[in-house]
Amino acid sequence: MSKDTLTVTDNRTGRTYEIPVVENCAVSAMNFRQIKVDDDDFGLMVYDPGFKNTASCVSRITFIDGEKGILRYRGYPIDQLAKKSSFLEVAYLITKGELPTAAQMTEFQYKITHHTLLHESLKDFISSFNRDGHPMGIVASTVAALSTFYPDAKEIADPESRQLQMYRLLAKMPTIAAFAFRHSLGQFFVYPDNTLSYSGNFLSMLFKMTEPKYEPNPILEKVLDVLFILHADHEQNCSANAMRSVGSSQVNPFCAMSGAISALYGPLHGGANEAVLRMLRQIGKKENIPDFIQKCKKREVRLMGFGHRVYKNYDPRATIIKELAHQVFEVTGSNPLLDIALELEKIALEDEYFVKRKLYPNVDFYSGIIYQAMGFPVELYPVLFAIGRTAGWLAQWEEMLLDKDQKIARPRQIYLGEGERDYVPMDQRG
Ligand code: ACO
């Protein structure tokens, strides 16, 4: 008869323990603490740098099956949401758990549209950064600075206050990002236009010059909206984990999200699309692809935008982005980098090295060339990622706060440093 337990024998002592299996997929790490050599022993810990096999929480937001290439937000497949939904509707879904009714959507849209402005002092704050300062540093700092304008955000136990901060963050992220971009160009700041959509308004704040009203290209506006949807959440990735970890100290959500933005800034997380663009430029023309593939196989270089820790199949977001790339190039004119990317993908997907290792294009393989065609400088790519991911971070943060099992994030360590020793005065040190 099968039992939902694990029987563990400690060969150091010969004792046997029965550990419950939770949800048919995990064991509680705390159950290992009872395994001791003697009464003075602290008990066994589990060692897992990088959380490769540790579930840090129970979540009901995003489901990924990396083997099958499945991504769902709150149960809805990503391709259906990309085709039929809008970013704001997806943000509602992710943060509240269900798709909105028409009335709920109208109210949500109204709230987001009417929280887009920044306190005027924040313009001076953003202007005080160096012109060539990386926009991710500016965005992370400005989001943390929001906490000084909204001290009510510390009321994290109050659902209304949490909701208000979510409106503020979703609404103000595009404004902060656009102001950081305009500052880098030395251009005046463009205020939000409430008559435009979320992504249309963002394009207006980025690119409007002296025309009385900015008219976003509808295809580019739609593509950007879909890109925000594709980046909205990805379960317990590095920045979501940062959001939860910083937030677990019960700090306000602005400071917690500033931590998440900083985590995303790193090249191993939000920066790979930039690397893809550099790689495609370096390859230069289709004839150079076989040589490049050889270098990958000799492990001299990596095929950037390929491979994923979780997906061992086509990243479902990459399939959608590839289609979007074609739509964008119909507006902006063709980009020779796309031809190189398509050829590279074709060759790699047939090559035994990549097939055997289950290396497929990931979300970053095509997103960089789309962003480039739309006129975004490379430094802005992770910022675009952060705007979409705001929805996921906020949902992860609130889920963590409402989870009775969660405590302040505080891992254990295996100490291998020096034992106790006496202080040596400086003149006696060797
Ligand atoms: N090009 C060539 N070979 C690769 C690549 C690649 N892009 N990715 C993995 N491999 C090979 C490795 O050399 C290794 O081969 P070996 O077993 O013969 O030594 C094998 O595939 C497994 O690779 P790992 O590095 O162990 O896989 P891991 O899951 O740790 O890494 C990662 C995943 C970091 C994404 C990796 O595939 C990579 O570096 N890809 C390129 C960078 C990239 O596109 N990052 C974006 C990820 S998506 C995102 O974060 C939003």
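Remember, it's 1-based here, ligands and their atoms both numbered in the order they're listed. Index from 1, following the sequence.
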Problem set entry | Aromatic ring pairing Tyr198/Phe228, orientation class (parallel under 30°, perpendicular over 60°, tilted between) | perpendicular

For this session: Would you mind telling me if ligand 1 is within reach of the side chain of Asp364, the backbone, both or neither, using heavy atoms under 4.0 Å?
Result: side chain

Seminar exercise, completed: If we number the atoms of ligand 1 from 1 as shown, the ones under 4.0 Å from a heavy atom of Gly305 are 43 (C), 44 (O)

Exercise. Is it true that His234 and Phe385 have ring centroids separated by less than 6.0 Å?
Worked result: no

Exercise. Can you tell me if Glu399 and Ser59 form a side-chain donor-acceptor pair at under 3.5 Å?
Worked result: yes

Exercise. What is the ring orientation for Tyr191 with Phe179, classed by angle as parallel under 30°, tilted 30 to 60°, or perpendicular over 60°?
Worked result: tilted

For this session: Determine whether the side chains of Gln165 and Asp152 contain a donor N or O and an acceptor N or O closer than 3.5 Å.
Result: yes

Exercise. Under 4.0 Å from atom 44 (O) of ligand 1, is there any protein heavy atom?
Worked result: yes

Exercise. To which protein heavy atom is atom 46 (C) of ligand 1 closest, and what is the distance rounded to 0.1 Å?
Worked result: Ala272 CB, 3.4 Å

Problem set entry | From Ile94, Leu71, Leu81, residue fulfilling side-chain contact (heavy atoms from CB on, under 4.5 Å) relative to Tyr76 | Leu81

For this session: Answer yes or no: is there an ion pair linking Asp403 with Arg244, defined by an N-O contact shorter than 4.0 Å?
Result: no

Seminar exercise, completed: Ranked by distance from atom 39 (O) of ligand 1, the top protein heavy atom is Arg302 NH1, 2.8 Å

Exercise. Considering only heavy atoms, which of Phe385, Tyr353, Tyr360, Phe306 lies nearest to atom 3 (N) of ligand 1?
Worked result: Tyr353

Problem set entry | atom 22 (C) of ligand 1 within contact range, any protein heavy atom under 4.0 Å | no

For this session: Heavy atoms only: give me the nearest Leu230-Tyr73 pair and the separation to one decimal.
Result: O-OH, 3.4 Å

For this session: Around atom 7 (N) of ligand 1, find the nearest protein heavy atom and jot down its residue, atom name and distance.
Result: Leu303 O, 2.7 Å

Exercise. Is it true that Lys297 and Asp351 make a salt bridge, defined as a side-chain N closer than 4.0 Å to a carboxylate O?
Worked result: yes

Problem set entry | Closest protein heavy atom (residue, atom, distance) for atom 18 (O) of ligand 1 | Arg299 NH2, 2.4 Å

Problem set entry | Between Phe207 and Phe376, ring centroids under 6.0 Å | yes

Problem set entry | Under-4.0 Å heavy-atom contact with ligand 1, by part of Val363 that carries it | side chain

Problem set entry | Nearest-option assignment for atom 14 (C) of ligand 1, heavy atoms, candidates Lys358, Lys356, Arg357 | Arg357

For this session: Starting from the C-alpha separation in whole Å, work towards a yes-or-no answer on side-chain hydrogen bond (donor to acceptor under 3.5 Å, both in side chains) for Ser86 and Glu89.
Result: CA-CA 5 Å; Ser86 67; Glu89 190 182 47; 5.0 Å; no

For this session: Answer side chain, backbone, both or neither: which part of Val276 comes under 4.0 Å from ligand 1, heavy atoms only.
Result: neither

Exercise. Where's the contact between His308 and ligand 1, heavy-atom distance under 4.0 Å: side chain, backbone, both or neither?
Worked result: both

Exercise. Which protein heavy atom lies closest to atom 35 (C) of ligand 1, and at what distance to 0.1 Å?
Worked result: Gly307 O, 3.6 Å

Seminar exercise, completed: For atom 10 (N) of ligand 1, the closest protein heavy atom turns out to be Leu359 CD1, 3.6 Å

Exercise. Nearest protein heavy-atom contact for atom 33 (C) of ligand 1: which residue, which atom, what distance?
Worked result: Arg309 N, 3.8 Å

Exercise. Any chance the side chains of Ser184 and Glu379 put a donor and an acceptor closer than 3.5 Å?
Worked result: no

For this session: Select one of side chain, backbone, both or neither to describe which atoms of Phe365 lie under 4.0 Å from any atom of ligand 1, heavy atoms only.
Result: neither

Exercise. Which residue supplies the protein heavy atom nearest to atom 47 (C) of ligand 1, what is that atom called, and how far is it?
Worked result: Asn362 ND2, 3.5 Å

Problem set entry | Nearest protein heavy atom under 4.0 Å from atom 27 (O) of ligand 1, yes or no | no

